[in-house]
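One structure is given below, encoded as structure tokens.
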Amino acid sequence: MKKLRIGFIGIFAIILLVFFARTVTSNKEISNIEKRSLATFPKFELKRLIDEDYYTELTTAYSDQLFGRGHLVKGYYLMQFQRYLGDVVEGKDGEMFSSVQTPYDIDLYTEEMLNAINEVNMVAEELEKNGTKFIFLSIPRKDAYLEDYLPSTYESSRERYVYGVNLLRDNLNNNIILIDALEVFDNNKGDNHYYFKTDHHINVRGGQLLYEEIMNVIKEDYDVNIYSLDDLYEIHSVPVNGSFNKQVGQSVKLSNEELYLTLKEDFLYTRYEDDKESTLAVWGKGTEYEDAFMSGDRAYTRVETNRKDLPNVMYAGSSFTNVLEALTIPSVNRMIGIDYRDNKSGTSIVEYAKKYDIDYVVFVPAQSNNSLNPDKILLHLGK
């Protein structure tokens, strides 16, 4: 009996050890089940052992990287008769938002943001040597703009976002053009909310406003046409199946919203994925954001329209760029989209810009849960 107990304890200890080892060596950045970014383990530094925030980061990362977490989540929500889990909240009129942004150490955030901005400045300087201009487009979390639709107990991320944008304004090099989407949306308030009701992405009207801002910068150097949605496209309204709603088992009734576009006239272009010709749609159909624009997230897309008198534009960022890429293509000679979450080629923004004679790099580091995350800024720089 004693040997049996020792054997059982030994097996249990081995299981715990394996469980712990698989957890602390995990470094997943995205949960496909939960549809959100995951906290990763911070870099070990002796000086941070006395830092309370360091242990908070470790605890959060351990929870997010827990071995078997995906199966546990599925099991829990199967019992709840739901398909997805997500850190989301429903506000007024069926508007859905990411959970309240977690508190942060202002001094640490400032330090990390300044380091990230310094990296942005260095990339912009390298691009400028080859005649490429750098546009930093900052898009806020949905709750920072639609404050009137938040639950009464919800704390908007607007203050934090504005603080981050002010750091950009004060510390970006003068050769970098900053576009603040919150300011653009505030200056164009109307019936349209510029975000999908049950999703974190900007909608076609929000995309159009930001496309116009980008093209107005480009128009200073090139004779480009800035198209309106209604002139160039048929706009189709459908019940939009947003990422937030997926996370809570489709608990919010879908609303008809303007989603996908079809060209009124044929437009010639050639699309490439990883430098191989592709038949993936630029303007797709469906009920989800990823269906409507660029066929979803891609590591490295190139679209050629063969109009040499027009500029070459490159987008670097996450899925927030998809609608902008699609809207930009009719106005340019070449459009390139880079997403360093999936692009593991080791090719830098500067190298892509040189190879394809890029005139403008539009940098969009926005994330659904943190608009100006220093780590994600570095990620989307290809660092």
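Hydrogens, waters and symmetry mates play no part in the numbers below; they use all other heavy atoms, side chains included. Predicted model, so just to flag it, every value in this text is computed and none were measured.
- Between the side chain of Ser157 and the backbone N or O of Arg160, no donor-acceptor pair lies under 3.5 Å.
- Separating the OH atom in Tyr194 from the CD atom in Gln208 is a distance of 10.5 Å, to the nearest 0.5 Å.
- Here Glu273 pairs with Arg271 under the salt bridge (charged side-chain N to carboxylate O under 4.0 Å, His left out) rule; sequence neighbours left out.
- Salt bridge present: Arg205 and Asp230 bring a charged side-chain N and a carboxylate O closer than 4.0 Å.
- Side-chain contact annotation: Asn343 with Ser345, donor-acceptor N/O pair under 3.5 Å present.
- Heavy atoms only, all atoms of each residue included: Arg307 and Ser331 are closest at NH2-N, 4.0 Å.
- More than 12 heavy atoms of other residues, nucleotides or ligands shown are found within 6.0 angstrom of NZ on Lys219.
- Partners of Phe196 by ring-ring contact (aromatic ring centres under 6.0 Å, His included), not counting sequence neighbours: none found.
- Residues Phe134 and Leu172 have side chains not in contact (no heavy-atom distance under 4.5 Å, counting atoms from C-beta outward).
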Requested in this report: Could you go through the side-chain contact (heavy atoms from CB on, under 4.5 Å) check for Val332 and Tyr222 one step at a time?
Outcome: CA-CA 10 Å; Val332 300; Tyr222 287 88; over 6 Å; no
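- Between Tyr233 and Lys264, the shortest heavy-atom contact is O-CE, 3.2 Å.
- In this structure, Gln101 and Asn369 approach most closely via the heavy-atom pair CD-O, 3.9 Å.
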**Report entry** Derivation of the ring-ring contact (aromatic ring centres under 6.0 Å, His included) call for Phe320 and His201
**Finding:** CA-CA 6 Å; Phe320 279 87; His201 293 105; 5.4 Å; yes
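- With hydrophobic clusters built from ILVMFWY side chains whose heavy atoms lie under 4.5 angstrom apart, Tyr260 shares a cluster with Leu263.
- Under the salt bridge (charged side-chain N to carboxylate O under 4.0 Å, His left out) criterion, Asp297 pairs with Arg341, not counting sequence neighbours.
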Report task. Walk me through it: do Val323 and Tyr211 pass the test side-chain contact (heavy atoms from CB on, under 4.5 Å)? Result -> CA-CA 9 Å; Val323 61; Tyr211 153 79; over 6 Å; no
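- A distance-only check finds a donor-acceptor pair linking the side chain of Ser156 to the backbone of Asp143 [under 3.5 Å].
- In terms of heavy atoms, Met314 sits closest to Ile349 at CE-CG2, 3.5 Å.
- For the atom pair Met215 CE and Ile218 CD1, the distance stands at 4.5 Å (nearest 0.5 Å).
- When the shell of 6.0 Å around CG of Asn174 is examined, it contains 12 or fewer heavy atoms from other residues, nucleotides or ligands.
- Between Lys276 and Asp274 no salt bridge is recorded (no basic side-chain N to carboxylate O distance below 4.0 Å).
- Salt bridge status for Asp275 with Lys355: present, with a side-chain N to carboxylate O gap under 4.0 Å.
- For Glu147, the CD atom counts as densely surrounded, since its 6.0 Å shell holds more than 12 non-hydrogen atoms of other residues, nucleotides or ligands.
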Query raised in the report: Hey, mind stepping through Arg158 and Asp186 against salt bridge (charged side-chain N to carboxylate O under 4.0 Å, His left out) and telling me if it holds?
Result: CA-CA 12 Å; Arg158 188 182 184 99; Asp186 279 345; 2.5 Å; yes
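- The closest side-chain heavy-atom distance from Leu327 to Tyr227 is not below 4.5 Å.
- Between Ile139 atom CD1 and Phe185 atom CZ the span is 6.5 Å, to the nearest 0.5 Å.
- Atom CG of residue Asn225 and atom CG of residue Leu232 lie 10.0 Å apart, to the nearest 0.5 angstrom.
- Formation of a donor-acceptor pair under 3.5 Å by the Ser138 side chain with backbone atoms of Leu178 is not found in this model.
- The backbone N or O of Leu114 lies less than 3.5 Å from no partner atom in the side chain of Asn118, so there is not a single donor-acceptor pair.
- Between the side chains of Tyr104 and Asn370, no donor-acceptor pair of N or O atoms lies under 3.5 Å.
- Atom CD of Glu351 is surrounded by more than 12 heavy atoms from other residues, nucleotides or ligands within 6.0 Å.
- Defined by atom type and a distance below 3.5 Å, a donor-acceptor pair is present between the side-chain atoms of Glu125 and Asn173.
- Panel note: side chain Asn121, backbone Asn171; a donor-acceptor pair is recorded below 3.5 Å.
- Counting all heavy atoms, side chain and backbone alike, Thr198 lies closest to Gly94 at CG2-O, 4.2 Å.
- Put simply, the side chain of Leu137 reaches to within 4.5 Å of the side chain of Leu324, judged on heavy atoms.
- For Ala326, the side chain to side chain contact (heavy atoms under 4.5 Å, CB included) criterion is met by Val282, Trp283, Phe293, Met294, not counting sequence neighbours.
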Report task. Determine, step by step, whether Tyr352 and Ile358 satisfy the side-chain contact (heavy atoms from CB on, under 4.5 Å) criterion, reporting the C-alpha distance in whole Å, the side-chain angles of both residues, the deciding distance to 0.1 Å, and the verdict. Result -> CA-CA 8 Å; Tyr352 279 120; Ile358 297 299; 5.8 Å; no
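- With hydrogens and angles ignored, the 3.5 Å screen pairs no side-chain donor or acceptor of Ser278 with any backbone N or O of Tyr272.
- Considering all non-hydrogen atoms of both residues, Leu381 and Ala116 come closest at CD1-O, 4.4 Å.
- Side-chain atoms of Thr287 never come within 3.5 Å of backbone atoms of Pro239 as a donor-acceptor pair (strictly under, hydrogens ignored).
- Applying the ring-ring contact (aromatic ring centres under 6.0 Å, His included) rule to Tyr161 yields no partners; only residues at least two apart in sequence or on another chain are considered.
- With values rounded to the nearest 0.5 angstrom, Ser99 atom OG is found 8.5 Å from Phe244 atom CZ.
- Partners of Tyr315 under the side chain to side chain donor-acceptor pair (under 3.5 Å) rule, at least two apart in sequence or in another chain, are Thr328.
- Contact of the Leu280 side chain with the Arg298 side chain is registered, since non-hydrogen atoms from C-beta on lie closer than 4.5 Å.
- Within a 6.0 Å radius of CD1 in Ile106, more than 12 heavy atoms belonging to other residues, nucleotides or ligands are found.
- Using a 3.5 Å distance cut-off with no hydrogens or angles, the side chains of Asp199 and Ser243 do pair a donor with an acceptor.
- Residues His236 and Lys285 fail the side-chain proximity criterion, which asks for heavy atoms closer than 4.5 Å.
- With 3.5 Å as the limit, one finds a donor-acceptor pair spanning the side chains of Gln367 and His380.
- For the pair Pro365/Lys376, no side-chain contact is recorded, criterion being any heavy-atom separation below 4.5 Å from C-beta on.
- Atom CG of Leu261 is separated from atom CD of Glu234 by 10.0 Å, given to the nearest 0.5 angstrom.
- In this structure, the side chains of Met113 and Leu168 come closer than 4.5 Å at one or more pairs of heavy atoms.
- At least one side-chain heavy atom of Glu277 sits less than 4.5 Å from a side-chain heavy atom of Thr270.
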**Report entry** Criterion side-chain contact (heavy atoms from CB on, under 4.5 Å) on Ile336 and Tyr300, from CA distance to verdict
**Finding:** CA-CA 7 Å; Ile336 291 180; Tyr300 166 34; 4.3 Å; yes
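- Geometrically, Lys142 engages Phe97 in a cation-pi contact defined by less than 6.0 Å to the ring centre and at most 45° from the axis.
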